[in-house]
Amino acid sequence: MKNFLILLSAFFLLSAVSAPKGISDLINALKAGNASAVAKYFDNTVEITLPGKTNSYSKSQGETVLKDFFANNPVKSFTVVHKGESGGSKFCIGTLVTANGSFRTTVNLKQKGDREALQEIKFEK
């Protein structure tokens, strides 16, 4: 019985460590300019708006687009201006400061089952 409880505790601990923590982890990924960590939240398709271009992408395409954006615009910082939720959706508005200027950044997530799925991310000059 003692071994079972130890195994059960270890399982829950590992699950908690490896599971995405929500919008706060997404904000940390933006602060780091980590496209792979942001892409973990992508829904099956994600709408990405960059200066002069808006398109819907698959998860893998979206990650590539974001990696390219961060490579061309190395992130210096990300500051949250406002965040909130409404009807099962969460949003965050902030300022992404890069080596090439600042971008007003908007992120929209929707609750899908047991996870938050990133539906849309905008970077506007």
Please report the interatomic distance [atom1]([X]) to [atom2]([Y]), rounded to the nearest 0.5 Å.
| X | Y | atom1 | atom2 | result |
| --- | --- | --- | --- | --- |
| E85 | Q111 | CD | CD | 9.0 Å |
| T98 | K76 | OG1 | NZ | 8.0 Å |
| F70 | S36 | CZ | OG | 10.5 Å |
| L50 | L66 | CG | CG | 8.0 Å |
| T105 | I121 | OG1 | CD1 | 6.5 Å |
| F78 | T95 | CZ | OG1 | 7.5 Å |

Closest approach of [X] and [Y], non-hydrogen atoms and distance?
| X | Y | answer |
| --- | --- | --- |
| L30 | V75 | O-CG1, 3.5 Å |
| S58 | V46 | O-CG1, 4.4 Å |
| F69 | L96 | CE2-CD2, 3.9 Å |
| R115 | Y41 | NH2-O, 3.4 Å |

Hydrophobic clustering (ILVMFWY, side-chain heavy atoms < 4.5 Å, transitive) - are Y57 and V107 grouped together?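 Same cluster: V107 reaches Y57 through Ile, Leu, Val, Met, Phe, Trp or Tyr contacts under 4.5 Å.
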I want to check a possible cation-pi pair here: K125 against F103, using under 6.0 Å from ring centre and within 45° of the ring axis as the test.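 Satisfied, under 6.0 Å and within 45°.
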Using the rule given for side chain to side chain contact (heavy atoms under 4.5 Å, CB included), can you reason through K90 versus K83, listing the C-alpha separation, both sets of side-chain angles and the distance that settles it, and then say yes or no? CA-CA 8 Å; K90 292 184 179 180; K83 65 180 178 177; over 6 Å; no
Can you list every salt bridge (charged side-chain N to carboxylate O under 4.0 Å, His left out) pair that touches residues 62-73, not counting sequence neighbours?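 Those involving residues 62-73 are E63-K67.
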Can you name the side-chain hydrogen bond (donor to acceptor under 3.5 Å, both in side chains) partners of N72, sequence neighbours left out?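 Partners of N72 by the side-chain hydrogen bond (donor to acceptor under 3.5 Å, both in side chains) criterion come out as none, since no residue qualifies.
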Side-chain contact, heavy-atom cut-off 4.5 Å: [X] with [Y]?
| X | Y | answer |
| --- | --- | --- |
| R104 | I93 | yes |
| I48 | T54 | no |
| Q119 | L109 | no |

With no hydrogens and no angle check, just 3.5 Å: does a side-chain donor-acceptor pair link Q61 and T64?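 Looking only at side-chain atoms, T64 and Q61 do not form any donor-acceptor pair under 3.5 Å.
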For K110, the salt bridge (Lys or Arg N to Asp or Glu O under 4.0 Å) test, sequence neighbours excluded, returns none
Could you give me the CA-CA distance, side-chain angles and deciding distance for V80 and C92, then say whether side chain to side chain contact (heavy atoms under 4.5 Å, CB included) is met? CA-CA 7 Å; V80 175; C92 175; 4.0 Å; yes
Let's go through V38 and L26 carefully: what are the C-alpha distance in whole Å and the side-chain angles of both, what is the deciding distance for side chain to side chain contact (heavy atoms under 4.5 Å, CB included) to 0.1 Å, and is it a yes or a no? CA-CA 6 Å; V38 173; L26 182 58; 3.7 Å; yes
Kindly say whether T45 contributes a backbone atom to a donor-acceptor pair with the side chain of D43 at under 3.5 angstrom? no
